[in-house]
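The figures that follow rest on heavy atoms only: side chains count, while hydrogens, waters and symmetry mates do not.
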Amino acid sequence: MPTVYVTRRVHFNAAHRLHNPAKSDAWNAETFGPCNHPNWHGHNYVLEVTVAGEPDPDTGYVIDLGDLKALLEERILRKVDHKNLNLDVDFLRGVIPSTENLVVAIWNELVDALPRGRLHCVRLYETERNVAEYRGE
Ligand code: NI
């Protein structure tokens, strides 16, 4: 049976600050530059979640994309959209909200929740030019 990869793309807006509380203010300012600004800054994030699997012979679907949409809404978007990623999100407590750390955290929220198929890739665009992805490795 063929393995097919299907992707759902969603958007959210959120504020964050890159800051490691274990380090000095000077280290944080030097390391993170404007991303360390104490009064936060925002991004228009684009999240792509790819599910792999064999098409169901009855439906032709790897996963019903309506189900994936609902899962992303429930597990991720309602928690992060128009929120502060440092302060507001249960699954990001204690996490420095870099794009790299966000894709791992989002993966962990989704990996055991798919009704069909298996999670293949979580890709997050922080800007048009900066993107991180995680494949569970
Ligand atoms: Ni930022």
Would Phe12 and Leu124 count as a side-chain contact (heavy atoms from CB on, under 4.5 Å) here? Give the steps. CA-CA 10 Å; Phe12 63 93; Leu124 185 64; 3.9 Å; yes
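Proximity of a side-chain donor or acceptor of Asn101 to a complementary backbone N or O of Ile96 within less than 3.5 Å is detected. A distance-only check finds no donor-acceptor pair linking the side chain of Lys69 to the backbone of Val10 [under 3.5 Å]. In this structure, Arg17 contributes its side chain and Asn36 its backbone to a donor-acceptor pair below 3.5 Å.
When every heavy atom of His41 is checked against every heavy atom of His43, the shortest pair comes out as NE2-NE2, 3.2 Å. Nearest heavy atom pair, residue Gly60 against residue Pro55, reads O-CB, 3.6 Å. The nearest pair of heavy atoms linking Pro115 to Ile63 is CD-CD1, 3.9 Å. Pro97 approaches Leu102 most closely through the heavy-atom pair O-CD1, 4.0 Å.
How far CG of Leu68 is from CZ of Arg8: 7.5 Å, rounded to the nearest 0.5 Å. Remark: Glu128 CD to Asn44 CG distance equals 10.0 Å, nearest 0.5 Å. How far CZ of Arg135 is from CZ of Arg123: 7.0 Å, rounded to the nearest 0.5 Å. Here the OG1-CG distance, from Thr50 to Leu119, works out to 8.0 Å after rounding to the nearest 0.5 Å. Taking CD from Glu30 and OG from Ser24, the interatomic distance works out to 10.0 Å, rounded to the nearest 0.5 Å. The CG atom of Asp90 lies 8.0 Å from the CG atom of Leu92; values are rounded to the nearest 0.5 Å.
Contact of the Val6 side chain with the Tyr61 side chain is not registered, since no non-hydrogen atoms from C-beta on lie closer than 4.5 Å. Between Ile106 and Val103, the closest side-chain pair of non-hydrogen atoms is not below 4.5 Å. A heavy-atom distance below 4.5 Å is found between the side chains of Glu109 and Ile76. Counting heavy atoms from C-beta on, the side chains of Tyr5 and Thr3 come closer than 4.5 Å. Counting heavy atoms from C-beta outward, His11 and Asp81 have side chains that stay 4.5 Å or more apart. Taking the side chain as every heavy atom from C-beta outward, Asn108 and Phe91 never approach each other to under 4.5 Å. Annotation: side chain of Arg9 is not in contact with side chain of Leu47 (no heavy-atom distance under 4.5 Å). Here the side chains of Leu114 and Leu71 are in contact, with some heavy-atom distance below 4.5 Å.
One hydrophobic cluster, built from ILVMFWY side chains closer than 4.5 Å, holds both Val111 and Val49. Tracing side-chain contacts under 4.5 Å through hydrophobic residues (I, L, V, M, F, W, Y), one reaches Leu110 starting from Leu85; they form part of the same cluster. Under a hydrophobic-cluster definition in which Ile, Leu, Val, Met, Phe, Trp and Tyr are linked whenever side-chain heavy atoms come within less than 4.5 Å, directly or via other members, Val4 and Val122 are assigned to the same cluster. Tracing side-chain contacts under 4.5 Å through hydrophobic residues (I, L, V, M, F, W, Y), one never reaches Tyr125 starting from Trp107; they form parts of separate clusters. Placement of Val104 and Leu77 within a single hydrophobic cluster is found when ILVMFWY residues are connected by side-chain heavy-atom separations under 4.5 Å, directly or transitively.
Side-chain atoms of Thr7 and Glu48 include no donor-acceptor pair closer than 3.5 Å.
For CZ of Arg116, the number of neighbouring non-hydrogen atoms (other residues, nucleotides, ligands) closer than 6.0 Å is greater than 12. For Phe32, the CZ atom counts as densely surrounded, since its 6.0 Å shell holds more than 12 non-hydrogen atoms of other residues, nucleotides or ligands.
Between His16 and Tyr45, the ring-plane angle classifies as perpendicular under the 30° and 60° cut-offs.
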